[in-house]
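In what follows, chains carry the letters A, B, and so on, assigned in the order in which the sequence lines appear, proteins first and then strands, with residues in each chain numbered from 1.
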There are 2 protein chains.
Amino acid sequence: MSIYNAAALKAELRQRGFRMTAQRETILRVFQTIPQGKHLNAEELYNILQHQGEKISVSTVYRTLNLMAKMGILRELEFAEGHKHYELNKPSELHHHLICVECRQTVEFKSDWIAKIAKNQAKSNEFELLDCQLTLHCVCLEAFEEGWPYCLPEDWVCPKSQRHRSSCEPH
Amino acid sequence: MSIYNAAALKAELRQRGFRMTAQRETILRVFQTIPQGKHLNAEELYNILQHQGEKISVSTVYRTLNLMAKMGILRELEFAEGHKHYELNKPSELHHHLICVECRQTVEFKSDWIAKIAKNQAKSNEFELLDCQLTLHCVCLEAFEEGWPYCLPEDWVCPKSQRHRSSCEPH
DNA sequence: ATAGTTGCAAATAATTTGCATGTTA
DNA sequence: TAACATGCAAATTATTTGCAACTAT
């Protein structure tokens, strides 16, 4: 089910009537290379490719992300940011995300219960389970105590993540 | 915490330095009126308002959704569709969603474990938990057996939901 | 009266698509 | 060589924003 090397990708593609291309291999390699816990959106992936001197168009980036997500190679993550994030889908290492809505840092965590709950639920509704994601929307305690969501200063920097605010309508 | 009537909304708004307006009250009422299990995206909400003869601009719809989500009145849902959905946030009736990536039907379900897992996780990472969502990405068994994702006919109609395909790249 | 809010239209962001050209099996 | 994939630019979709006019407190 999970495909992590070029040969297996090629086989999977061919089986479905698709073809192996340099671009697809390159994009797969990027995901294999980034550190565990890191997920990319289309723009970030495109920038990495540019940096590496690869000339792959934005369209191809999007098309490849969609294809690989549909094939089950990538996991499509939604963090309510207005764009999707992707990471390698490794069912054996299923994990979930806690995300700070203020500074956008994410924390990965595991829980064996989630997969069990998900499997049961899908089964009892007669669905095939493809992926399950428990997403926690949180704020750092530090920001919360500082008056989040409305009284946090514009130039707030999260002491936990060192990141500044992602968005805020002035009060 | 949860605000379900105009008076309480007004109080919450004032406390934060915001004001009660006819538009905000109307939008709250729409969410109170739609059936349980229904969630709306910005466009759907806008259409409902139009239908009801309310003249509320698209900007106001978006601004109100953002504001109410940040206030905790609405829950922001991401179903990997490229746009957000919203529903009233009722912590006492916390539920989660199973969604068919093929026909887009959603099934609500509850699980007391999820909230417990989420609370523990947030606490141990020193975050304030705002919302937690377990989302199952599934396909109807019927579609899966019919050859999803690549061999499903273009004109496939899900026998379970009566819906047709949401998207599909031809093979 | 003052600060917050709305509507409109223009701007931005994210993603998709048509089509000519290039590539794979 | 036939079917598939890519790149480019234009199109679409979703959402945000500037600003003048309006409204709640």
List in chain and number order the residues that pass side chain to side chain contact (heavy atoms under 4.5 Å, CB included) with B:Val157, two or more places apart in sequence or in another chain; answer none if no residue qualifies.
B:His164
Applying salt bridge (Lys or Arg N to Asp or Glu O under 4.0 Å) to A:Lys160 and not counting sequence neighbours gives A:Glu142
Whole-Å distance between C:dA14 P and A:Glu76 CD?
15 Å
Any donor-acceptor pair under 3.5 Å from A:Glu108 side chain to A:Gly37 backbone
yes
Within the sub-3.5 Å range, which N or O atoms of nucleotides 17-20 of chain C have a protein N or O partner, and how far apart are they?
| unit_1 | atom_1 | unit_2 | atom_2 | d |
| --- | --- | --- | --- | --- |
| C:dT17 | O4 | A:Ser59 | OG | 3.3 |

Are A:Thr21 and C:dT23 close enough that a side-chain N or O sits under 4.0 Å from OP1 or OP2?
no
When rounded to whole Å, the CG to P distance for the pair A:Leu9 and C:dT24 reads 14 Å
Taking only residues two or more places apart in sequence, or in another chain, which ones meet B:Thr64 in a side-chain hydrogen bond (donor to acceptor under 3.5 Å, both in side chains)?
none
For nucleotides 10-14 of chain D, list the nitrogen or oxygen atoms of the protein found under 3.5 Å from its nitrogen or oxygen atoms, one pair per line.
| unit_1 | atom_1 | unit_2 | atom_2 | d |
| --- | --- | --- | --- | --- |
| D:dA14 | OP1 | B:His83 | ND1 | 3.2 |

Parallel, tilted or perpendicular: which fits the ring planes of A:Trp148 and A:Phe144, with parallel below 30° and perpendicular above 60°?
tilted
Find the distance B:Asn66:CG to D:dT16:C1' and express it as a whole number of Å.
9 Å
Using whole Å, report how far CD of A:Glu44 lies from C1' of C:dT15.
16 Å
With respect to the side chain of B:Arg19, which nucleotide from C:dC8, C:dT23, C:dG4 is positioned closest?
C:dG4
CE of A:Met68 versus C1' of D:dA5: gap in Å, rounded?
13 Å
Pairwise 5' ranking along DNA chain C for A:Val58 and B:Val58, keeping only the more 5' one
B:Val58
Whole angstrom value for the distance that separates C1' of C:dA25 from CZ of A:Arg16:
19 Å
Do the side-chain N or O atoms of B:Arg14 get closer than 4.0 angstrom to the phosphate oxygens (OP1, OP2) of D:dT25?
no
Output yes when at least one side-chain N/O atom of A:Gln23 is less than 4.0 Å from OP1 or OP2 of C:dT23, else no.
no
With sequence neighbours excluded, residues passing salt bridge (Lys or Arg N to Asp or Glu O under 4.0 Å) with B:Arg75
B:Glu87, B:Asp131
In whole angstrom, what separates B:Lys55's NZ from D:dC22's C1'?
12 Å
With sequence neighbours left out, the residues meeting salt bridge (Lys or Arg N to Asp or Glu O under 4.0 Å) with B:Glu43 are none
Roughly how many Å is it from CZ in A:Arg24 to P in D:dG7, rounded to a whole number?
11 Å
Atom pairs and distances, side-chain donor-acceptor, residues 77-85 of chain B, under 3.5 Å, sequence neighbours left out:
| unit_1 | atom_1 | unit_2 | atom_2 | d |
| --- | --- | --- | --- | --- |
| B:Glu78 | OE2 | A:Ala80 | N | 3.1 |
| B:Glu81 | OE1 | B:His85 | NE2 | 3.3 |
| B:His83 | NE2 | B:Asn41 | ND2 | 3.3 |
| B:His83 | NE2 | B:His85 | NE2 | 3.4 |

Listed by chain and number, what are the side-chain hydrogen bond (donor to acceptor under 3.5 Å, both in side chains) partners of A:Glu76, not counting sequence neighbours?
A:Tyr86
Does A:Glu93 have any salt bridge (Lys or Arg N to Asp or Glu O under 4.0 Å) partners at least two apart in sequence or in another chain, and if so, which?
none
Distance-only, no hydrogens or angles: does the A:Arg24 side chain make a donor-acceptor pair with backbone N or O of A:Lys10 under 3.5 Å?
no
In degrees, rounded to 10°, what is the bend between the two ends of the helix from C:dA1-D:dT25 to C:dA25-D:dT1, using five pairs at each?
40°
Report the residues that fulfil side-chain hydrogen bond (donor to acceptor under 3.5 Å, both in side chains) with A:Ser124, sequence neighbours left out, ordered by chain and then residue number.
none
